[in-house]
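These notes are about the structure you will find just below.
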Amino acid sequence: MTVVGRERLVELLSDDTPVPERLVVTPILEPDIQIGDGCIDIRLGNCFVVTKSARVGGIEPFKRPTPTELERYQETLYVGFTQALWIHPGTFVLGGTLEYIRLPSNLYADVTARSSWARLGLSIACAVAVHPGFYGCLTLELVNNGNTPVAVHPGDRIGQLTVYEAEPAARPERKPSGKYQGQIIPSYSSLHKESSERERWKALGRALRFAPKQ
Amino acid sequence: MEQDLQELAGLVYQRASAVETTFARLRARDFPTHQFEDLAKFPQLVAREVRKKIPSWLDLASDPRVQTASVKRMLQRYGQALEFVHQSLDFVVNVEVLSIPAPFVLFLQELGSEFMETSFVLQAAPLFNYSFRRVAPTLNRPLLQAGLSPRLAENFAVFRFPAALREDGLQHCVLVHELGHYLDTGELLYSDAWDDAGPAVRERIERFIGTEMGIVRKGVEQGLQTALFRALTSWVIETVCDVFAARVLGPAYLFSSIEFVRFRPDLTKGSDTHPPSATRLWIIHKEVQSLGWGPDLARVQHEISEPPHWSYAALRTLGQQERHLRILERCLQELLPAIRRVVRRRVGANACKRGSYLAQERRIVEVLACCVPPGELGLDGDVISPRDILNAAWFFHLGGYQGWPEVPGSQLDQAFQKRQLLSRLVFKALEISFVVRHWPATRKTGRRTK
């Protein structure tokens, strides 16, 4: 995989490129500032999800939470462009990007914090991979690793998207029902959709327990 | 000083403190627009002023020259004023759900500001209905009577939408009709339409309703005439709003109205306040057609039927209730050309014409087919106007989501998932369109914009 340079990025983002092959990152409000050599700066959106841990015992990742459980566990906040969200040390907040992103089948991207924010102790993404064919706003996992609270504002250029040329995917179009496809605000983990795999491991465990000793 | 005066003062003070605390808590939320903040702040200001004024009234009561009764009356007025502002809590609760349709609020405010100075909020309500209410007069009157100074902007209004459908960006197009009410309440367009209709039409209407008086029992004649005229006024107002919404939003309003009335059997026949659904849809269709959208409306043609043009002789054969509805329908038909003229004049160049949409249509559809919100067409590409976004989304929905891959699940499940995704794309597209259009202006002010 090779990193896509500025000139090629502009070409891929342009409306002259047919939409299916186009790299969509919209809106890019300041192309001169936001599009660098090999990466595109991305901004924070208005919606955040904060957790309320006091009313839940813990997370069972493969269990689908009911709307009530979700309501108990997390709260979605709308933060206006004039307002700030304070992230305190050790706090975990989900944020969304202002930009809607769509990668064609031959592009792959990584999302990372801009170093200026990282130097304040803020990390923005643990899951950095954006797969070919993805479309939607990215969910950022914001954690303050420093020891001082940090204020973030919607619209801040907080992260960057590094884009790579990749082999065209065998299944170029991701389905609208894909786990995080088409999301426009940060969303809860969808690990529960993979619960059948865990069930198979459990079945294997049970089978081994009752297997006759050799 | 009298014991009960002290008790009354204590009670009012307690209520004022409780109201202030309740609304202070609500203000802790983040609202998408400053209007929510204004609405939540208003009761706090009232309660604070009441608390501040109570001691001075008690001081006054200790003066033997002052009558205790007048002080009591004043304190009771404060209590009543607090009661009224407490009711505004009803408007403020349930606004937090707006985190999702916030872009729709921006769209409505922007659209509204093309016609008037706007000050309104959207509230999710537990009804499958959309409604409009101007709240300032109700809330300000008791304050004026109690001599309290806080006032809500006179044109402050609340638009209600169904809480359960908050994520349905397509259905919310109906809200433009409520914007029509907002405009009509301020400018009395229905009255202009009545004037514009001319003496001949007015005379025909009066004769129609007057003749009806002749065939009903004596004694209720006057009342019936008033009731019919009152109903006709309501129908004219509704029609003004329908024609307004059809003109400024185009087919998206027609499509959302067709969907909306399907679940409102109470509107089918018509009532004292609303014309029958079929008549309304026919009027909306006619208006949208006049903007050049005729070729795009074929897919909903089966939903539209022209209301019959009743002669008076034919009306005589009907039962009273049915006859009244038909009389109103006939009168509305008489007034329709005037209504359309008045609204057309008011909307002017802001009408949603097909020509401007057609220039972008192919590219918008291409973008939508790739599951991308059509807010702007690529880097340095054109920015799409909110109404083009809404119309494109409706066409895409009615066209069966051409280009979108099939998803697993039943047909109903698929349709549900696709509509959900399309709604999300609509909200995002409205936000992108808004941000991109307003971003250049922020450079001049050097400030963040709300």
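Below, read A as the first sequence line, B as the second, and so on, with proteins coming before strands; counting in each chain starts at 1.
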Checklist entry - Of A:Ile35, A:Asp15, A:Thr26, A:Val25, which meets side chain to side chain contact (heavy atoms under 4.5 Å, CB included) against B:Leu379? => result A:Ile35

Next on the checklist: Once ring pair (Phe, Tyr, Trp, His ring centres under 6.0 Å) is applied, do any residues pair with A:Phe48, and if so which ones, sequence neighbours excluded?
Outcome noted: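 Result, ring pair (Phe, Tyr, Trp, His ring centres under 6.0 Å) vs A:Phe48: none returned.
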
Quick one: closest heavy-atom pair of [X] and [Y], and the distance?
X: A:Arg22; Y: B:Val367; answer: NH1-CG2, 4.4 Å
X: B:Cys371; Y: A:Tyr100; answer: O-OH, 2.6 Å
X: A:Ile184; Y: B:Arg424; answer: CD1-O, 3.5 Å

Item to check | Per-residue contact mode, A:Asn46 against chain B (heavy atom under 4.5 angstrom) | outcome: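 Just its side chain gets close to chain B.
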
Item to check | Atom group of A:Pro31 that falls short of 4.5 Å from chain B, counting heavy atoms | outcome: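 Contact with chain B involves the side chain of A:Pro31 alone.
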
Checklist entry - For B:Arg299, what residues pass the salt bridge (Lys or Arg N to Asp or Glu O under 4.0 Å) criterion, not counting sequence neighbours? => result none

Checklist entry - Within a radius of less than 6.0 Å around CD of A:Glu7, do more than 12 heavy atoms belonging to other residues, nucleotides or ligands occur? => result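 Counting neighbours around CD of A:Glu7, 12 or fewer heavy atoms of other residues, nucleotides or ligands fall under 6.0 Å, so no.
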
Checklist entry - So with a 6.0 Å cut-off around CZ of B:Phe416, is the heavy-atom count from everything else above 12? => result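 Incorrect, the count does not exceed 12.
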
Could you state the interatomic distance from [atom1] ([X]) to [atom2] ([Y]), rounded to the nearest 0.5 Å?
X: B:Leu421; Y: A:Tyr135; atom1: CG; atom2: OH; answer: 5.5 Å
X: A:Gln183; Y: B:Lys428; atom1: CD; atom2: NZ; answer: 10.5 Å
X: A:Arg102; Y: B:Cys370; atom1: CZ; atom2: SG; answer: 4.5 Å
X: A:Ile28; Y: B:Glu376; atom1: CD1; atom2: CD; answer: 8.0 Å

Checklist entry - What part of B:Glu431 is in contact with chain A, defined as an atom under 4.5 angstrom from a non-hydrogen atom: side chain, backbone, both or neither? => result side chain

Next on the checklist: For the interface with chain B, which of A:Val24, A:Ile101, A:Leu29 has the highest count of heavy-atom pairs at distances below 4.5 Å?
Outcome noted: A:Leu29

